[in-house]
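Atoms considered below: every heavy atom in the structure, side chains included; atoms not considered: hydrogens, waters and symmetry mates.
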Amino acid sequence: MASGLLLAAQPPAAAGTNLVKNPGFETPGTGHDGMPECWSASGWGDNDFTFTTTTDAHSGTRAMKVELTRRADGDRKALITESASCAPTVVAERQYDLSLWYKSTTPDAAITLFRYDTTAGWQYWTDLKTLPVAGAYTRAEVRTPVVPPGTDRIAWGVSVFGTGGVTTDDYVMEEVARPVPDPACTGTAEECAKGKWEVLATKNPVRSMHSVVLHGGTSQAGGSGGGKVLLIAGSGNDPEMFEAGTFTSAVYDPANGSFRTIPTPVDMFCAGHVQLSDGRVLVMSGNKGYPSADGKTGYQGLRDSYVFDPATETYSRTNDMHEGHWYPSATILGNGDVISFGGLKEDSTGNVTAEKFSAAQNRWLPVNEVKQTWSYWGLYPSMILMQDGRLFYSGSHTFGNGTPGTGASIYDYDANTITDVPGLRNKDQRDESASVLLPPAQDQRVLTIGGGNNETNPVANRLTDIIDLKQPDPAYVAGPPIPHGLVDQGAGKRPQTGDEGKMYVSAVLLPDGKVLETGGALHDRADPVYEASLFDPATDTYQAGMAADPVPRGYHSSAFLLPDGRVMAVGDNPGNGSYNHDVSVYTPPYLFKGPRPRITSVIDSRWNYGDTQRITVDRPIARAELIRPAAVTHSSDPNQRFVDLPLSVIDDRTVDLNVTGNPNLAPPGWYMLFAVDANGVPSVAEWVHLGGPAAMAAEGERSAHVHDFADDLAAAPKKRLKKRDSVPVSPRIAGCDRHYGTAGVCVPTVFPKAVKATTEARCDWLARHDYGRLAVNGKDDPLRLDPDRDGVACGEGDVRGRDVRGPRLTR
């Protein structure tokens with residue numbers, strides 16, 4: 001489904017061969033179930049249902065009625081029989097127009113598509129279109145996504161997932177005309193193959209740790225795409241700024257390249273953040289205090305919580321969280337609520353309390369109103385919302401080791417259970433890895449890339465692991481290794497070799513359905529890697545050798561998609577305490593493939609779940625999608641997602657977009673709407689707001705079409721823990737030895753393995769990485785950096801015959 005990026009969207013196919021056998025149910029079947037030839041009664045779940053071949057036909061003498069009289073969960077559907085003799089044959093990289101006539105007494109019905117994978121067999125593909133209630137026969141039509149490689153047949157029908165009945169007749173499936181040829185390259189040959197980076201003349205005015213793309217508001221058809229960027233620094237990992245109470249943010253405007261500094265009320269350094277359904281940004285916790293010089297106290301989390309309003313560009317305070325959460329997760333749910341886990345409390349211990357922000361009440365709920373497992377999820381745990389409302393902990397996190405067990409798990413909030421899923425390799429070396437829900441969200445596949453471990457400081461790995469959450473018992477499987485790049489370990493760039501990969505990697509969903517993997521470093525807060533690639537979910541392969549950001553992007557860096565289809569990258573905060581204020585912008589290869597399609601009108605920028613929304617374009621398009629704007633920090637944005645919008649093509653300028661009815665696939669809020677042409681070239685995004693009754697439905701009311709994915713887990717749920725206040729966390733969780741320099745400097749507790757455990761080797765490493773002169777805090781010298789005991793690490797008297805001092809003394 002994610003492969004349909006290079007094909008043209010043509011007008012509806014001329015009346016050609018109908019690929020559906022027995023499309024009007026006129027030929028009876030020979031089986032005991034009474035279903036017509038080439039049709040099967042299908043479905044699952046706890047419901048009462050009937051399948052009836054009725055004479056209430058649109059044409060001919062027969063039609064099919066599927067009715068539910070009671071439903072707790074699941075669906076029922078009359079489906080084209082999944083067999084070689086009945087299921088239509090399809091060709092990879094092609095699209096097909098589907099249509100039928102129906103009438104319905106329920107709003108809970110959708111055209112549902114299955115595909116036959118030549119390796120994995122029959123499997124659910126996607127819901128294409130929600131069918132409105134219709135008292136008289138009404139025609140419904142929709143175009144399939146591009147057929148993925150390895151698929152040779154499809155089956156489809158109408159799923160009924162609410163009480164009521166749907167009668168259907170006269171099914172049609174026709175192949176769409178072949179695509180137009182690729183255009184000529186409009187840039188240099190290298191730009192067309194690899195894309196292009198530009199380092200902006202204007203510097204980032206703040207030491208930003210967090211990047212949030214702000215919605216552009218109302219429709220701007222044909223405009224610049226809007227989308228300012230909120231860059232949050234707080235104290236910016238600078239203890240002097242913290243002591244002075246100088247906390248900063250900035251808003252970048254891509255329309256004119258300007259930055260505006262924003263008054264910031266508290267130290268939001270290493271807070272959590274998420275886009276709320278109304279477009280405001282919820283910012284939670286942050287830094288109450290830096291580690292003490294004696295290393296006995298670590299970072300401390302704030303309870304404070306604020307919302308940032310893009311309209312006024314100001315912060316306003318909410319009620320406090322129950323406890324502090326330095327490095328918390330933040331995931332928006334299908335009803336607009338936000339759930340948060342992990343981080344460090346006010347006393348530097350690990351927080352085991354789950355917190356929930358109520359969208360309806362606009363406040364953090366009291367802890368007794370939130371279900372608790374008393375589990376410690378670590379720092380910035382990547383918690384990704386699944387299509388049924390559960391959360392998938394991918395194994396990506398920041399600092400230290402993964403959670404106990406397999407390192408990845410599914411959390412069911414309703415049942416309040418945690419169940420491990422297997423397969424994640426080197427689970428304790430996924431510190432500062434990146435995890436994304438692959439395009440499209442409907443496929444429910446998660447990619448986890450790279451990582452390391454700041455406590456043991458190994459060479460960062462090249463691992464790519466992929467999990468398909470549509471499987472009954474999902475497990476990670478190995479993907480291709482991250483391509484090699486160039487690494488600078490202080491003596492100039494050299495090619496990577498062997499298993500050398502990267503941590504602090506950024507992964508950005510692009511409107512052509514691929515993932516840009518960029519930035520990163522070989523070791524904790526050191527040794528930047530210059531490499532970028534494009535991961536293609538259709539083939540699970542990397543396109544290596546893309547243009548690399550010329551600016552190092554390690555710790556405290558981020559990359560994110562702009563509404564104009566480019567990618568912006570900011571930040572880099574090495575262990576020596578410096579910060580890189582350069583801003584880079586990447587133009588992907590798709591913007592060198594000729595003119596961009598243009599969305600000339602969006603009839604309505606306020607969308608409801610299950611809607612059909614009409615747009616006009618200046619020429620044919622191949623696909624359309626919603627991409628949720630970024631809210632990223634420390635390689636982590638669990639809310640990043642790409643939602644496919646199946647097309648109903650009216651003509652080559654008018655297209656109806658079919659919006660998912662499941663708010664767990666696309667949580668409520670503002671999205672960037674992209675239209676993509678035959679060659680994968682995207683339009684400038686339009687901003688649309690997705691919400692409506694389905695997002696706020698009370699329990700027991702109308703539900704989305706949720707499938708029974710990941711419902712046969714081999715592992716049993718973990719034993720629920722007893723109530724507790726916290727878990728102990730080492731004050732050295734950040735991987736820094738506080739005996740040297742200030743809290744903004746990170747002398748590694750464990751040096752890279754290649755560095756010998758001698759004063760000379762360690763001091764040489766610190767010199768090559770520009771640490772300068774470091775004051776020794778107190779009398780202890782555990783790394784033996786101050787043998788002459790003059791209070792300065794790596795001074796003249798510490799390393800015989802070598803001056804490794806830098807220009808500054810960091811106290």
Side-chain angles (χ1 to χ4, degrees), residues 44-46 73-74 119-121 123-124 329 331 333-334 339-342 350 352-354 370-397 400-431 433-438 441 443-449 451 453 461 463-479 540 636 638 664 706-724 727:
W44 66 280
D46 180 7
D73 59 20
T119 300
Q123 55 190 266
Y124 166 79
S329 72
T331 304
L333 305 177
I339 194 163
S340 179
F341 301 92
V352 298
T353 304
V370 182
K371 292 182 180 179
Q372 301 293 335
T373 64
W374 310 113
S375 300
Y376 178 55
W377 292 94
L379 305 181
Y380 284 139
S382 181
M383 311 291 286
I384 297 172
L385 180 66
M386 297 168 57
Q387 59 90 34
D388 61 4
R390 290 179 292 177
L391 294 171
F392 173 59
Y393 169 58
S394 71
S396 287
H397 59 277
N401 299 327
T403 59
T406 64
S409 53
I410 290 175
Y411 174 55
D412 186 332
Y413 180 81
D414 290 337
N416 203 25
T417 57
I418 301 169
T419 307
D420 280 352
V421 297
L424 182 67
R425 294 175 293 168
N426 287 20
K427 77 175 186 70
D428 291 333
Q429 292 188 23
R430 306 319 284 257
D431 176 15
S433 60
S435 291
V436 292
L437 184 64
L438 285 169
D443 278 4
Q444 293 288 282
R445 300 171 72 234
V446 173
L447 172 75
T448 295
I449 306 173
N453 186 301
N461 64 68
L463 300 178
T464 292
D465 293 295
I466 305 166
I467 190 168
D468 184 351
L469 297 170
K470 296 192 307 298
Q471 298 302 313
D473 183 23
Y476 270 111
V477 296
D540 288 345
S636 179
N664 294 322
V706 176
H707 296 269
D708 60 341
F709 301 162
D711 268 357
D712 193 20
L713 303 176
K718 294 182 178 182
K719 184 179 180 181
R720 193 169 301 165
L721 300 171
K722 293 181 179 180
K723 182 177 180 180
R724 53 183 178 167
V727 297

**Q.** Parallel, tilted or perpendicular, as decided by the 30° and 60° cut-offs, for the rings of Y411 and F341
**A.** perpendicular
Q) Any idea which heavy atoms bring M386 and L469 closest together, and the distance? A) CG-CD1, 4.0 Å
(Q) Can you give me the closest heavy-atom contact between S409 and D420, atom names plus distance? (A) CB-OD1, 3.6 Å
Q.
I need the S329 OG to H397 NE2 distance, nearest 0.5 Å.
A. 13.5 Å
Q | Side-chain heavy atoms of P474 within contact of D468, under 4.5 Å | A | no
Q. For Y393, which residues count as a ring pair (Phe, Tyr, Trp, His ring centres under 6.0 Å) partner, sequence neighbours excluded?
A. W377
Q: To the nearest 0.5 Å, tell me how far N461 CG sits from Q429 CD.
A: 6.5 Å
Q. Roughly how far, to the nearest 0.5 Å, is the CG atom of D473 from the CZ atom of F709?
A. 15.0 Å
Q | Any donor-acceptor N/O pair, D388 side chain to H707 backbone, under 3.5 Å | A | no
Q: Could you tell me the separation between the CG atom of L713 and the CD atom of Q471, rounded to the nearest 0.5 Å?
A: 12.0 Å
Q) Under 3.5 Å, side chain of D431 to main-chain N/O of G451, donor-acceptor pair present? A) no
Q. Can you tell if the side chain of L333 reaches within under 4.5 Å of the side chain of L391, non-hydrogen atoms only?
A. yes
Q: For P717 and T417, work out which heavy atoms get closest and say how close.
A: CB-CB, 3.9 Å
**Q.** Residues R445, D540: salt bridge by 4.0 Å N-O rule
**A.** yes
Q: Verify, without hydrogens or angle tests, whether N453 (side chain) and D428 (backbone) share a donor-acceptor contact under 3.5 angstrom.
A: yes
Q) Would you call T331 and F392 a side-chain contact if the rule is heavy atoms closer than 4.5 Å? A) no
Q: Could you tell me the separation between the CD1 atom of I466 and the OG1 atom of T448, rounded to the nearest 0.5 Å?
A: 9.5 Å
Q) Looking just at side-chain N and O atoms, do S433 and S396 make a donor-acceptor pair shorter than 3.5 Å? A) yes
Q) Looking only at heavy atoms, which two atoms of K371 and D414 are closest? And how far apart? A) NZ-O, 2.6 Å
(Q) Can a donor-acceptor pair be found, under 3.5 Å and without considering hydrogens, that links the side chain of D73 to the backbone of D46? (A) yes
(Q) Taking W374's backbone N and O only, do any of them form a donor-acceptor pair with K723's side chain (distance below 3.5 Å, no angle check)? (A) no
Q: Output yes when a side-chain donor or acceptor of R430 lies under 3.5 Å from a complementary backbone atom of R425, and no otherwise.
A: yes
Q: Taking salt bridge (Lys or Arg N to Asp or Glu O under 4.0 Å) as the test, write out the residues that go with D711, two or more places apart.
A: R390
**Q.** Donor-acceptor pair, side chain of T406 and main chain of V421, under 3.5 angstrom
**A.** yes
Q | Side-chain donor/acceptor of Q387 to backbone N/O of Q444, under 3.5 Å | A | no
Q | Derivation of the side-chain contact (heavy atoms from CB on, under 4.5 Å) call for L438 and D443 | A | CA-CA 8 Å; L438 285 169; D443 278 4; over 6 Å; no
Q) Can you name the closest pair of heavy atoms from S375 and R724 and give their distance? A) CA-NH2, 4.0 Å
Q | Minimum heavy-atom distance between G334 and N664, given as atom pair plus value | A | CA-OD1, 3.5 Å
**Q.** Min side-chain heavy-atom separation T373-L721 under 4.5 Å
**A.** no
Q.
Between S435 and S394, does the side chain to side chain donor-acceptor pair (under 3.5 Å) criterion hold? Intermediate values first, please.
A. CA-CA 7 Å; S435 291; S394 71; 2.8 Å; yes
